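What's counted below: heavy atoms across the whole structure, side chains too, no hydrogens, waters or symmetry copies. Because the structure is a prediction, the values reported are computed rather than measured.
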Amino acid sequence: MSRESARTHIRGLLVHALGVAQKQNKLPPLASTDVTVEYAPPEKADYASNLALRLSRAVRMPPMQVAEVIVAALPKSPYLGEVSAAPPGFINFKLDENWLARQVQDILDQGEAFGNCDVGGGAALQIEFGSANPTGPLTIGSGRNIVLGDTLARVLEAANYRVQREYYVNDVGSQMDTFARTLFARYQQLHGSDVHVPPDGYAGAYMVELAEQVNQEVGDALLQAPESEALRTLHERGLALMLDSIRADCALLGVEFDEWLSQAWLEDEGRVHAAIAALRDRGRVAEREGATWFVSTDVEEDKDNVLVRSTGDPTYFAADIAYHDYKLERGFTSLIDVWGADHHGHVPRVKASLAALGHDPEQLTILLYQLVRVLRGGAEVRMSKRTGDVVTVREVVDEVGVDASRYFLVARSPDTAMTFDLDLAQAQSDENPVYYIQYAHARTASILERAQQDGVGPGDTDLDLLQHPAELALLRLMIRLPELVEDVALQHAPHRLAFYAQELAALFHAFYRDCRVIDPDNVALSRARLELVHAAKLVLARCLGLMGMSAPDHM
RNA sequence: GCGCCUGUAGCUCAGUGGACAGAGCAUCGGUCUUCGGAACCGAGGGUCGGGGGUUCGAAUCCCUCCAGGCGUACCA
C-alpha cells in the first residue's frame with residue numbers, strides 16, 4: 001500500500017504546527033489556511049514552505065518571526081533532518097539522510113505500486129479522448145490527443161481514480177454523409193463508372209482501399225440498389241471498417257478504450273430529443289428562423305446556438321449535450337474531455353448546457369491541446385484532411401516506433417503548438433531523449449545481471465551505507481514520483497512525466513559515474529548499492545510505464 | 001472586430017506569486033586500461049515580446065500595445 005509522500009507528510013506537520021502555535025497564543029487565531037509545500041533550491045534544502053510569508057500580513061508579524069514560531073511548533077519527524085527559517089521567511093526542510101537511504105527498502109517493498117498516491121480517493125472518473133471523426137485514418141494530431149488522454153488516464157489510475165476511457169464515435173452528420181458519398185463514388189469507379197468524387201469529398205487514397213474492401217463483401221449488389229440504400233450500406237460498412245482501422249491505430253500506440261460510444265445510438269435511444277425537451281422545460285429553448293435554438297445569450301455565451309436544424313436534424317451540439325448528460329447519468333463524478341484547440345469555441349456552450357440541465361459544470365474539465373506540425377527532412381509537411389494529405393499515426397509509428405511516438409507527443413505542454421520532428425524521433429543518437437532515458441534503465445538491468453555473474457549475491461544489506469551525494473541526490477528524486485503523480489493528476493499536465501524521466505536518468509548516470517556498484521573488496525557497500533540500483537530500475541520503469549513506453553533491459 | 005492559446009538562451013522547450021531564470025540539443029573545451037561511451041564534466045550564450053500597474057516579492061496576476069496560431073457555421 002502506498003504511504004504518505006514526504007511532501008504530504010511535511011504539509012501535515014505544518015498544519016499541526018499552526019494549530020499548536022495558535023493554541024499557545026504564539027500566533028493569533030486564523031481562518032483556515034491552505035498550506036503549500038514546494039521544492040527548495042537544492043543547495044538550501046529539500047522542501048520549503050512559504051507559509052510564513054503568506055501569513056505575515058494576516059498575523060501582523062514579520063515573516064521571519066512567523067517562520068520561527070512555526071518551526072518551534074513543528075513536531076519531531078523521522079523524515080526530517082534540519083528544519084530552519086530562512087530569509088525572507090521561508091521554512092526549509094532537509095530530509096534525514098538515513099531515513100532517505102532506507103526509502104530504498106520502501107520502494108522495493110511497494111514494487112510496481114511505487115508512485116501511487118490517493119488524491120483520487122477511488123472516485124469514478126471518465127476521460128473521453130480520441131473521438132476523431134471516423135472518416136479517415138488517425139492523423140498525428142489525433143495521435144497527440146490519444147497519447148495525452150491515455151497518459152493522463154494512466155496517471156489518474158495511479159492516483160486512485162477509477163478511470164474509464166471512452167471514444168465518442170461521431171457516426172452521424174454531414175461529414176459522415178460526405179464519407180458515404182465519397183465511398184459510393186469510389187465503389188462505382190471500381191465497376192468502371194467514371195463518376196467523380198464529390199467536390200467536398202475525401203480525396204485520400206484510403207477511400208479507394210476502403211471501397212475495395214466493401215466490394216469484396218458485397219460485390220456489385222449495390223449498383224442495382226436504389227441510391228439511398230446503397231449509401232446506407234456504404235455508410236454502415238465503411239464506418240465499421242474505418243473503426244477497425246482506428247482501433248488498430250490505437251493499439252499501435254498501446255491504447256485500449258473501455259467504451260466506444262456512438263452518437264447514432266444516443267439519437268436512436270431518444271436521448272437527444274430528451275435532452276432538448278429537458279432544456280425546453282427549463283425555458284432555455286427558442287424556435288426561430290425555422291430552427292430550434294439553445295438560449296444562452298443572456299448568461300454564459302455571446303450568442304445562441306442551434307439544436308435542431310430547419311431540416312429537422314439535430315446538430316452535433318445537441319447530441320453533445322445529451323452525451324455529457326449521459327456521462328453524468330452513468331455516475332462519473334469527474335469528466336475530462338480532450339479536445340483539439342480548434343474546438344475551443346465549443347467549451348462555453350457545453351458548460352452552459354450542463355448548467356442549464358442542473359449539473360455543476362465544474363465536474364467537466366476540458367483539456368485543450370494545440371495542433372501538431374510535422375517536420376520531415378527539416379521541412380514542414382503540409383497537411384489537409386480533405387485531400388488525404390496527412391501524416392498518420394500509423395506511418396509515424398512505423399517510422400519511429402511506439403516509444404518515440406508517445407514520448408514526443410506527450411513531452412510538450414498541451415498548450416504548446418508542438419513540432420514533431422520525424423528525423424529526431426528516429427535518430428538513435430544522443431540527440432534523442434528517448435534513448436537516453438531507456439538507456440539508463442538498460443544500464444540498471446545490466447548492472448544487476450553483472451552482479452549475479454560476479455557473485456555479489458543477496459545477503460544482509462545495510463542501507464545506511466548509502467551516503468554518497470550522488471546516491472542521495474538520486475534517491476531524493478526517486479521518492480518524488482508519488483508527488484509527481486499527484487501533481488500531474490491534479491494539473492492535467494502529463495508532459496511533466498517526460499521531464500522527470502529525463503532528470504531521473506541524468507541522476508542515475510551521474511551516480512553510475514561517481515559510485516562503483518560492484519566492488520568485490522567492499523561487499524557490504526556493493527549490496528546496498530545494488531538495492532539502490534534495483535529501486536532505481538523500478539522507478540524508471542514505472543515512469544516509462546506511465547508514459548506507455550517500454551523499459552528495455554537491453555538495447 | 002470579438003474570444004482562446006502562444007511569445008523565455010542559436011534551436012526545441014520546462015518553469016503551482018517566492019530565494020541568483022532552468023533543461024535538452026547545437027557550439028567550444030575536457031574525461032575513457034568502461035559494473036554497456038546511446039555516458040560523464042566544464043564553458044560561453046537571456047532587455048523572460050514592448051510598456052505600465054498590483055505585491056514585501058512578478059516569467060507567473062491585472063491593463064495596454066506588438067507578433068504568431070486557432071476559433072468566431074442550421075460542419076464536427
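- One finds the CD atom of A:E128 at 8.0 Å from the CH2 atom of A:W339 (value rounded to the nearest 0.5 Å).
- As rounded to the nearest Å, B:C62 and B:U16 have P atoms that lie 15 Å from one another.
- When the side-chain nitrogen and oxygen atoms of A:H346 are compared with OP1 and OP2 of B:A73, none of them lie within a distance under 4.0 Å.
- For A:E289, the side-chain atoms get nearest to B:C74 when compared with the rest of B:C74, B:G36, B:A19.
- Separating the C1' atom of B:G46 from that of B:G1 is a span of 36 Å, rounded to the nearest Å.
- In this structure, the nucleotide among B:G36, B:C74, B:C20 sitting nearest to the side chain of A:M555 is B:G36.
- For B:G3, its base sits under 3.5 Å from the side chain of A:H344 at one donor and acceptor pair at least.
- Across B:C13, B:A19, B:C40, the shortest atom-to-atom separation from the side chain of A:R412 is found for B:C13.
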Worked check of salt bridge (Lys or Arg N to Asp or Glu O under 4.0 Å) between A:R529 and A:D519: CA-CA 10 Å; A:R529 285 182 170 167; A:D519 180 0; over 6 Å; no

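- Comparing the same atom, P, in B:C11 and in B:U27 gives a spacing of 15 Å after rounding to whole Å.
- Checked against the 6.0 Å centroid criterion, the rings of A:Y439 and A:Y436 do not qualify as a close aromatic pair.
- Set against B:A19, B:G36, B:C40, the side chain of A:H554 has B:G36 as its closest nucleotide.
- Within the structure, every side-chain polar atom (N or O) of A:R54 is placed at least 4.0 Å from both OP1 and OP2 of B:G17.
- One can find a donor-acceptor pair under 3.5 Å joining the base of B:C74 and the side-chain atoms of A:S310.
- Remark: ring of A:Y512 stacked against base of B:C35; centroid gap under 5.5 Å, plane tilt under 30°.
- A stacked arrangement is not assigned to A:Y439 and the six-membered base ring of B:G36, the conditions of a centre distance below 5.5 Å and an interplanar angle below 30° not being jointly met.
- For the pair A:T416 and B:A14, the criterion of a side-chain N or O lying under 4.0 Å from OP1 or OP2 is met.
- With B:U16, B:A39, B:A19 as the candidates, the nucleotide lying closest to the side chain of A:Y436 is B:A39.
- Using a 4.0 Å heavy-atom distance criterion, A:M176 is classed as making no nucleic acid contact.
- The P atoms of B:G51 and B:U8 are separated by 15 Å, rounded to the nearest whole Å.
- With hydrogens and angles left out, the side chain of A:Q370 and the base of B:C5 share no donor-acceptor pair within 3.5 Å.
- Proximity note for A:A48 (side chain, C-beta onward) versus B:G36, B:A19, B:G71: the nearest is B:A19.
- Taking the side chain of A:Q175 as heavy atoms from C-beta on, and the options B:C75, B:C70, B:C35, the nearest nucleotide is B:C75.
- Not one side-chain nitrogen or oxygen of A:R443 sits closer than 4.0 Å to the OP1 or OP2 atom of B:G36.
- B:A59 and B:G18 have their P atoms separated by 10 Å, with the value rounded to a whole Å.
- One can find a donor-acceptor pair under 3.5 Å joining the base of B:G18 and the side-chain atoms of A:N50.
- When distances are taken from the side chain of A:E38 to each of B:G36, B:G18, B:C20, the shortest belongs to B:G18.
- Taking atom C1' in both B:G68 and B:A58, one finds a spacing of 24 Å when rounded to whole Å.
- A distance of about 15 Å separates the P atoms of B:U64 and B:C5, rounded to the whole Å.
- The side chain of A:D342 sits closest to B:G71 out of B:G18, B:C20, B:G71.
- Distance from the side chain of A:R309 is smallest for B:C74 among the nucleotides B:C74, B:C70, B:C13.
- For a distance-only test at 3.5 Å, the side chain of A:Q452 fails to qualify as a donor-acceptor partner of the base of B:C35.
- Comparing the same atom, P, in B:U6 and in B:C35 gives a spacing of 47 Å after rounding to whole Å.
- Of the options A:W260, A:Y326, A:Y323, a ring pair (Phe, Tyr, Trp, His ring centres under 6.0 Å) to A:W265 is made by A:Y326 and by none of the others.
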